[in-house]
Amino acid sequence: MKENSFVSADEIRSAFSAAMSVMYREEVPAYGTLMELVAKVNANTLAADATLKDRLEATDTLDRISEERHGAIRLGTPAELSMMRRVFAVMGMYPVGYYDLSTAGVPVHSTAFRPVGDAALKRNPFRVFTSLLRLDLIADETLRAEAEAILRERRIFTPGAVELTETAERDGGLDKADAERFVAEVLETFRWHDKANVSADMYKRLHDAHRLIADVVSFKGPHINHLTPRTLDIDEIQALMPEYGIAPKAVVEGPPTRKCPILLRQTSFKALEEPVSFRDADGGWKAGSHTARFGEIEQRGIALTPKGRGLYDRLLDESRKIVRPAADGSNAKQYEAALAQAFEAFPDSWAEIREAGLGYFSYSLTERGRRTKLTGSRDLDSLISDGLVEFDPIVYEDFLPVSAAGIFQSNLGDGAQQEFVASPNQKRFETDLGVAVLNEFDHYAGIEQASIENCLRALSAAMAAE
């Protein structure tokens, strides 16, 4: 088969994310309502801020706003994680970052599968936050062994999905017919199943250990537990959700409202209580319910450097020492006030953020820079001050462990918070995954440096042409 007959990984990812969205809208109608609200708020925000619209158009990111979303799944075994990595690779999605959520009372560690190149991100930035259950954190050894046995027996990928993944690996890609089959087969892994793999009694024991453990172990597959559109004004979304019949979580996770958004802010609507059936001793089914799936919204800001991230983490920690957000929202106002006060120490203009080395930026020539004939070499700061080079924030494409845990906890129930000993184990996670995860700081620094070199190269070329 000739390579040029293959469908690109970007096309497969786009087709898969579209199919996932359709499936999730059918399974969770409130998600469709949420998408309508986000589209309305984004349109209003752009209409009210011409400068924002111009910069998004100039950086090729405007078209991404309405399409951008991420999903999240929770896996049970190293074998599932390793195979999921191979499946996502066919879609041009690779593991970026390591997240330990045990520090926030959630027994998983995670990575994000996503496209990493600029062109791939602009084509379709779909990403999936993927968690692996930490059975080693279950204190009850008997329950841990039973959970392992249950997970060992399940197969979350269809034979067709495995076969087509192997075909893509062997041949270097998939043709159109196989790509369409691949999307349909892999979609089955993420589909909701209302019949549990366990009895009601086993479900209760797993649930009592932690609700997330029950969600992972009790079902045939890792149903997608949420999809996430991107908004330009998450505070407006949070305020309007009740008008659309959607109950929002108590507080927006992440940094406070700012003129210059940093990292990631997230909110969600409360998880749905859905009917499920449990196996009974006679081989029949017993009616019950399960709560796991919800809708999430995100607002993305600039990717921060290690220095910026260190400041962010310190300020977040300071705010939570004053007020720690309660799951029931009873102290939401106090927490938001403490958060805003703490983050007054973080610069809130792009120029200050850049000068302090707190964030990553993409550099490009201005219209004047493209017309100007330079003599001699110039440093980047002088080119900026002379109006020849401009800079735009690089969008943060990744996640925040505290925020992810906050979303998880708000949808696991008010009493779900449990204490686990903080036990990050990136080496073990990467062994289970089968590869090392990409370091997000190195990745953003590389994008920034490439943009600087492109500017200097263009100016040098203009000088050489004289």
Side-chain angles (χ1 to χ4, degrees), residues 8-21 23-24 64 67-101 108-133 156-157 161-162 164-165 168-169 174 179 182-183 185-190 216 221-228 230 264 266 296 298 300 303 395-401 403-404 407-408 426 429-444:
S8 73
D10 292 343
E11 289 180 73
I12 297 174
R13 182 174 66 259
S14 295
F16 180 76
S17 64
M20 179 90 82
S21 183
M23 182 183 77
Y24 202 66
R64 292 176 51 187
E67 293 297 322
E68 188 156 348
R69 57 178 62 88
H70 81 254
I73 56 172
R74 303 156 184 167
L75 304 175
T77 69
E80 291 176 357
L81 179 66
S82 177
M83 186 63 202
M84 191 63 76
R85 169 185 60 80
R86 296 167 61 194
V87 166
F88 281 138
V90 178
M91 305 184 210
M93 298 164 68
Y94 306 98
V96 180
Y98 170 79
Y99 306 90
D100 171 38
L101 273 63
V108 300
H109 50 183
S110 316
T111 191
F113 288 95
R114 67 171 180 86
V116 294
D118 185 56
L121 282 164
K122 286 176 179 176
R123 176 62 189 275
N124 185 287
F126 184 67
R127 51 179 82 73
V128 179
F129 190 79
T130 303
S131 300
L132 178 63
L133 181 62
I156 69 172
F157 300 98
V162 175
L164 289 163
T165 300
E169 291 172 339
L174 297 173
F182 174 83
V183 168
E185 294 285 350
V186 173
L187 196 63
E188 293 305 307
T189 297
F190 296 81
V216 175
H223 40 259
I224 189 80
N225 60 67
H226 69 268
L227 285 179
T228 308
R230 177 182 171 189
L264 175 67
Q266 296 173 293
E296 185 179 86
E298 65 185 20
R300 291 188 171 269
V395 175
Y396 184 63
E397 305 286 356
D398 297 289
F399 297 91
L400 301 172
S403 294
I407 293 286
F408 280 10
Q426 183 170 344
F429 184 84
E430 291 177 331
T431 297
D432 292 342
L433 182 65
V435 298
V437 300
L438 181 66
N439 181 289
E440 62 185 70
F441 295 111
D442 293 343
H443 181 56
Y444 292 120

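Just so you know, residue 1 is the first one in the sequence shown, and it goes up from there.
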Identify the two heavy atoms, one from [X] and one from [Y], that lie closest to each other, and give their separation to 0.1 Å.
{"X": "Gly92", "Y": "Ala9", "result": "N-CB, 3.6 Å"}
{"X": "Ile73", "Y": "Pro222", "result": "CG2-O, 3.4 Å"}
{"X": "Thr111", "Y": "Gly97", "result": "OG1-O, 2.6 Å"}
{"X": "Gly71", "Y": "Ile224", "result": "CA-CD1, 3.8 Å"}
{"X": "Val186", "Y": "Ala161", "result": "CG2-CB, 4.1 Å"}
{"X": "Leu121", "Y": "Val116", "result": "CD1-O, 4.0 Å"}

Could you give the distance from [atom1] ([X]) to [atom2] ([Y]), rounded to the nearest 0.5 Å?
{"X": "Ser110", "Y": "Phe399", "atom1": "OG", "atom2": "CZ", "value": "10.0 Å"}
{"X": "Ser8", "Y": "Asn124", "atom1": "OG", "atom2": "CG", "value": "10.5 Å"}
{"X": "Glu440", "Y": "Glu397", "atom1": "CD", "atom2": "CD", "value": "11.0 Å"}
{"X": "Gln266", "Y": "Arg230", "atom1": "CD", "atom2": "CZ", "value": "13.0 Å"}

Considering only NZ, NE, NH1 and NH2 on the basic side and carboxylate oxygens on the acidic side, decide whether [X] and [Y] come within less than 4.0 Å.
{"X": "Glu80", "Y": "Arg74", "answer": "no"}
{"X": "Glu11", "Y": "Arg13", "answer": "no"}
{"X": "Arg86", "Y": "Glu169", "answer": "yes"}

Non-hydrogen side-chain atoms of [X] and [Y] separated by less than 4.5 Å:
{"X": "Leu75", "Y": "Val216", "value": "no"}
{"X": "Met93", "Y": "Phe126", "value": "yes"}
{"X": "Asp432", "Y": "Ser82", "value": "no"}
{"X": "Leu132", "Y": "Leu433", "value": "no"}
{"X": "Pro95", "Y": "Leu438", "value": "no"}
{"X": "Glu430", "Y": "Val435", "value": "no"}
{"X": "Leu81", "Y": "Thr130", "value": "yes"}
{"X": "Val437", "Y": "Val96", "value": "no"}

Working for side chain to side chain contact (heavy atoms under 4.5 Å, CB included), residues Glu188 and Phe157 | CA-CA 8 Å; Glu188 293 305 307; Phe157 300 98; over 6 Å; no
Out of Phe113, Tyr94, Phe16, which residue meets the ring-ring contact (aromatic ring centres under 6.0 Å, His included) rule with Phe88?
-> Phe113
Has the side chain of Asn225 got a donor or acceptor atom that lies under 3.5 Å from a matching backbone atom of Ala72?
-> yes
Tyr396 backbone acceptor or donor facing Arg300 side chain under 3.5 Å | yes
Check whether the side chains of Tyr444 and Asp398 place a donor and an acceptor atom closer than 3.5 Å, and report yes or no.
-> yes
Do Glu296 and His70 have a side chain donor and acceptor closer than 3.5 Å?
-> yes
Taking the six-membered ring for Trp, is the centroid-to-centroid distance between Tyr24 and His226 below 6.0 Å?
-> no
Stepwise, does the side chain to side chain contact (heavy atoms under 4.5 Å, CB included) test hold for Met91 with Phe182?
-> CA-CA 10 Å; Met91 305 184 210; Phe182 174 83; 3.9 Å; yes
Fit a plane to each ring of Phe129 and Tyr99, take the angle between them on a 0 to 90° scale, and name the class: parallel (under 30°), tilted (30 to 60°) or perpendicular (over 60°).
-> tilted
Going through the checks in order, is the side chain to side chain contact (heavy atoms under 4.5 Å, CB included) test met by Ser14 and Arg123?
-> CA-CA 8 Å; Ser14 295; Arg123 176 62 189 275; 4.1 Å; yes
